[in-house]
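Below is one structure, written out as structure tokens, with a few remarks after it.
Computed from heavy atoms alone, side chains included, the values below leave out hydrogens, waters and symmetry copies.
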Number of protein chains: 2
Amino acid sequence: MDTTQRTDQQRSADRRRRELLEAADRVVLRDGPSASMNAIAAEAGITKPILYRHFGDKSGLYAALAKRHTDALLGALRAALDAPAERRERVEATLDTYLAAIEARPQVYRFLMHPSEGGPQSDQGFDTGQHSAPLLRRMGEELAEVIEERVDLGPDSQQLARVWGHGIVGMMHAAGDWWLGERPCARAELVRALADLLWGRLAAAGDKLGGPAF
Amino acid sequence: MDTTQRTDQQRSADRRRRELLEAADRVVLRDGPSASMNAIAAEAGITKPILYRHFGDKSGLYAALAKRHTDALLGALRAALDAPAERRERVEATLDTYLAAIEARPQVYRFLMHPSEGGPQSDQGFDTGQHSAPLLRRMGEELAEVIEERVDLGPDSQQLARVWGHGIVGMMHAAGDWWLGERPCARAELVRALADLLWGRLAAAGDKLGGPAF
DNA sequence: ACTCATGTGTTACTTGCGGTAACCGTAGCC
DNA sequence: GGCTACGGTTACCGCAAGTAACACATGAGT
């Protein structure tokens, strides 16, 4: 078994795997994240056990599926983050890239954020963390890296950058989710509002006079 | 059927309902959000159909359960938001209140954010929005109200306040989730870092010299 | 040519959950 | 006593995840 020489069987297995993933993709796009293994197998023209041979269990399939989309989105985000432009411009471009992606394929987005919430009862009950979608975590970490490598934050910069990375990603996510549901304004307006928030406009704004009980 | 005069039966039913909710609470606290109806019924000392008589279906029970915690948490947050203090202090107090809550009872928090993700296959696949936990939405709306009624934002203030409300809540949530998983620092530090972010420190910070490809 | 390992595929099953139908006992009230 | 109304139970359905056991091909070694 030479590792360099992949046998025909191995390559055909890889192709199979890709085909299965594409079938799964179609089903998830159609049925949302609650697509059943049976349905996916049927779409691929085969039966369940094969899926299990390839992906172990449902979360395995979902992880593989999520990785593809996550990689694609992260690539686009990285491009926007790394562009040679003013910081404000880069931030706005990044926000816009993310929002455009979730606007274009809401089902996929939905799937990425809610990856079937774990197995049967999957004893992960106690460990608290890690329930937020892996996509969010990865985005947070990536952003943190970019911030830390580009912005001068003095001591404690690493800690600060990570907090901010995850915080900003969360802001983007929650605002995007709400916006997608209600569509209260154009995308560009949302982008500006969020950038304004990051630029400290909340802190700079004055108190409203005649406020309540004051 | 006089509406004002609740019969003994009605009141006893209400008591029963509360008892059941408390049992469910205990189970969710122990088993996490994937607690089964059987387990909850057993904890309450009864069997499934009674649960269904009281709450309709699982999402009904979960909704009732979530409402209690949500109300409690929102009450605490409102108190922090409405305190008569400097804005920065109020923001920090609010962040701290939220983080203290999720730190104290991570399972409950987890449950609130992941309310079983909808029914059997619950055809809600296409409508995109509304999958973010109701708690997040409510917090976002509440915060938006407070912002709009207290801060002078000029024209478009309503739109802006809502975007910011949801955005800030999302930031708090994501950062809190990450922090809960990794515990990279004390709560107070996290609070300060987030408040700094909202105060525009990212925009104010200088570029790092000797940056990449520059 | 015969076997044997390996990978692809199937049918048929088990387990466990959400949800429901149909039945049982007891308290009160006429 | 008989009647209803309600708290409760057993026993079931449908469905999805996951598995066991079996069946067909195909290339390699002898």
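- OP1 or OP2 of D/dT9 sits under 4.0 Å from a side-chain N or O of B/Thr47.
- Counting any heavy atom pair closer than 4.0 Å across all strands shown, A/Ile46 reaches sugar-phosphate atoms only and no base atom.
- The aromatic rings of A/His166 and B/Trp178 sit parallel to each other, their planes meeting at less than 30°, with 60° as the upper class boundary.
- One interatomic measurement links the two molecules: CZ of A/Arg15 to C1' of C/dG7, which rounds to 15 Å at whole-angstrom precision.
- As rounded to whole Å, 14 Å separates atom C1' of C/dA21 from atom OH of B/Tyr52.
- Rounded to a whole Å, the CD1 atom of B/Ile50 is 16 Å from the P atom of C/dG18.
- Rounding to whole angstrom units, CD1 of residue B/Ile40 and P of C/dC17 are separated by 12 Å.
- Using modelled atom types, one finds no donor on one side chain facing an acceptor on the other under 3.5 Å when comparing A/Asn38 with A/Ser36.
- A/Phe55 has its CZ atom 16 Å from the C1' atom of D/dA17, to the nearest Å.
- A salt bridge is defined here as a Lys NZ or Arg NE, NH1 or NH2 lying under 4.0 Å from an Asp or Glu carboxylate O, and A/Glu22 with A/Arg26 fails to meet this definition.
- Applying the 4.0 Å criterion to OP1 and OP2 of D/dG7, one finds that B/Arg17 has every side-chain N and O outside that range.
- A salt bridge links B/Arg78 to B/Glu145: at least one charged side-chain nitrogen sits closer than 4.0 Å to a carboxylate oxygen.
- Between A/Arg183 and A/Glu103, at least one side-chain N (NZ, or NE/NH1/NH2) sits under 4.0 Å from a carboxylate O, which counts as a salt bridge.
- When the C1' atom of D/dA17 is taken as reference, atom CG of A/Asn38 falls 9 Å away, rounded to whole Å.
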Between protein and nucleic acid, restricted to nucleotides 11-14 of chain D and to nitrogen or oxygen atoms under 3.5 Å apart, what atom pairs and distances do you find?
none

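- Between the NZ atom of A/Lys58 and the P atom of C/dC17 there is a distance of 16 Å, rounded to whole Å.
- Between the CG atom of A/Leu61 and the P atom of D/dG18 there is a distance of 10 Å, given to the nearest Å.
- For C/dG9, its base sits under 3.5 Å from the side chain of A/Arg53 at one donor and acceptor pair at least.
- A salt bridge does not link A/Arg90 to A/Asp82: none of the charged side-chain nitrogens sits closer than 4.0 Å to a carboxylate oxygen.
- The phosphate of D/dC6 has neither OP1 nor OP2 within less than 4.0 Å of any side-chain N or O from B/Arg16.
- Using a 4.0 Å cut-off between charged side-chain N and carboxylate O, B/Glu43 and B/Arg30 make a salt bridge.
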